[in-house]
Amino acid sequence: RAILLNHIVAGTNNLTAIGNSVSLTTMLNANATLTVTKVTPSVQVPTGILLSTSGAGTGMPGTTNAPILLPNLAVSNGVDHVVGKILIPN
């Protein structure tokens with residue numbers, strides 16, 4: 001359950017419209033954040049957007065530099081983003 005909740009952020013977040021680095025609180029708990037960082041696009045990071053996890057207090061190792069493979073997919077209940085790694089809460 002913790003891993004699933006760590007993938008959900010309230011609101012509509014267009015990742016291409018944000019600044020170079022921003023932290024978003026996940027539905028896991030008030031301290032669990034996803035940090036979105038923009039980098040130069042490459043083969044490994046085609047969109048130039050990376051996600052990292054922090055602050056959940058689960059004792060798990062967390063995830064760093066997970067590439068967003070497909071951002072900003074409009075769905076009936078918000079916006080989805082295809083991520084290239086599972087976002088493990090730490």
Side-chain angles (χ1 to χ4, degrees):
R1 181 169 188 243
I3 292 173
L4 177 62
L5 290 175
N6 201 52
H7 283 74
I8 302 170
V9 174
T12 302
N13 296 285
N14 180 329
L15 294 184
T16 54
I18 64 167
N20 287 334
S21 182
V22 67
S23 290
L24 304 168
T25 302
T26 72
M27 300 297 283
L28 178 58
N29 65 46
N31 297 317
T33 60
L34 292 177
T35 301
V36 182
T37 306
K38 290 189 177 177
V39 298
T40 302
S42 65
V43 172
Q44 293 84 7
V45 189
T47 63
I49 303 170
L50 296 172
L51 292 179
S52 297
T53 62
S54 65
T58 63
M60 292 187 270
T63 299
T64 57
N65 299 329
I68 295 292
L69 302 176
L70 255 157
N72 308 320
L73 302 172
V75 294
S76 63
N77 62 344
V79 178
D80 277 352
H81 311 286
V82 177
V83 182
K85 290 183 181 179
I86 295 174
L87 302 174
I88 305 294
N90 69 341

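One is the number of the first residue; the rest follow in order along the sequence. Only this structure's heavy atoms are used, side chains among them; waters, hydrogens and symmetry mates stay out.
Summarising the local packing, CD1 of I8 is surrounded by more than 12 heavy atoms from other residues, nucleotides or ligands at distances under 6.0 Å. Heavy atoms from other residues, nucleotides or ligands lying under 6.0 Å from CE of M60 number more than 12.
Heavy atoms only, all atoms of each residue included: N72 and L15 are closest at OD1-N, 2.9 Å. Considering every non-hydrogen atom in both S21 and T35, the closest pair reads OG-CG2, 4.0 Å. Closest approach of K85 and H7 over heavy atoms only: O-NE2, 4.5 Å. Across all their heavy atoms, T33 and T26 have their closest contact at C-CG2, 4.2 Å.
One finds the NE2 atom of H81 at 11.0 Å from the CG atom of L70 (value rounded to the nearest 0.5 Å). Distance CG/N6 to CD1/I86: 11.5 Å, rounded to 0.5 Å. One finds the CD1 atom of I88 at 10.0 Å from the CG atom of N90 (value rounded to the nearest 0.5 Å).
If you chain together hydrophobic residues whose side chains sit under 4.5 Å apart, I68 and L24 fall into the same group. Side-chain heavy atoms closer than 4.5 Å link hydrophobic residues (I, L, V, M, F, W, Y) into clusters, and following such links, possibly through other members, connects V36 to V83. Linking Ile, Leu, Val, Met, Phe, Trp and Tyr whenever their side-chain heavy atoms come within less than 4.5 Å leaves V22 and L50 in two separate clusters.
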Does V79 form a side-chain contact (heavy atoms from CB on, under 4.5 Å) with N14? I'd like the steps, not just the answer.
CA-CA 7 Å; V79 178; N14 180 329; over 6 Å; no
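Panel note: side chain N29, backbone A56; a donor-acceptor pair is recorded below 3.5 Å. The backbone N or O of I18 sits less than 3.5 Å from a side-chain atom of K38, completing a donor-acceptor pair. With hydrogens and angles disregarded, no donor-acceptor distance shorter than 3.5 Å links the side chain of T53 to the backbone of L87.
Contact check for T63 versus L51: no side-chain heavy atoms found under the 4.5 Å cut-off. No side-chain heavy atom of V39 sits under 4.5 Å from any side-chain heavy atom of N65.
Residues passing the side-chain contact (heavy atoms from CB on, under 4.5 Å) test with T64, sequence neighbours excluded: S52.
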